[in-house]
> 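Please find one structure pasted underneath; my questions will follow.
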Amino acid sequence: QKEVEQNSGPLSVPEGAIASLNCTYSDRVSQSFFWYRQYSGKSPELIMSIYSNGDKEDGRFTAQLNKASQYVSLLIRDSQPSDSATYLCAVRGNGQNFVFGPGTRLSVLP
Amino acid sequence: GAVVSQHPSWVICKSGTSVKIECRSLDFQATTMFWYRQFPKQSLMLMATSNEGSKATYEQGVEKDKFLINHASLTLSTLTVTSAHPEDSSFYICSAREDGAQQYFGPGTRLTVT
């Protein structure tokens, strides 16, 4: 059974701080990893994708992947109130399907 | 980025009727489309995967005779909820993908069955 786990939160951070979101997965053959942001009542939007071990940076966002530990994280620097949302981790194995985690609710306090 | 549209964005229907939801990839050809359902405060649940020109693959527990999926072309997939009941009320989201690329989500359709 493929599983993707995330802390449901809420994770509260003050404005300007670094928010750290974590995700673990159980399927060792997973190859592609994605972070989506979902605002309440809206559909998810892709923030980052990462395919190889290490860090990948895009603006204020950094995705980190450690396949040996089966762990992927998302760091948000200089957090803004507009970053308050639910963040979904998604993992894709050899097949077509993505497996989504339950999401972590982030609240950035002004 | 790639754009995926859904229509309608919201719909209210009476119990026992059928509702069709359209999902379109506007600027790319989607070889694969996915249909998800999301209940309040819960994560996305994959309902089915469809490839253009072939039958959809349904996830365990999803009734294929109730949720009819047609992926008629590389830019259009439809989900028909047949004989809808109040427990089918949910947020239905499609996503589309080109070969080897990430998924792009549509804006979702909120279905309320009264």
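Each chain gets a letter, A, B and so on, in the order its sequence line appears, and its residues count up from 1.
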> Looking at B/Q6, B/Q38, B/R110, B/Q42, which one has more heavy-atom pairs under 4.5 Å with chain A than the rest?
B/Q38
> For each of A/S40, A/A90, A/G41, A/S49, tally heavy-atom pairs with chain B at distances under 4.5 Å, and name the one with the top tally.
A/G41
> Measure A/E45 against the heavy atoms of chain B and call it side chain, backbone, both or neither at under 4.5 Å.
neither
> Would you call B/E22 and B/R24 a salt bridge, taking side-chain N to carboxylate O under 4.0 Å as the test?
yes
> Could you grab the distance from atom OG1 of B/T32 to atom CG of B/L74, nearest 0.5 Å is fine?
9.5 Å
> Please verify the inter-ring angle class for A/F34 with A/Y51; under 30° counts as parallel, over 60° as perpendicular, anything in between as tilted.
perpendicular
> Between B/R37 and B/E59, does at least one N-O distance fall below 4.0 Å, as a salt bridge requires?
no
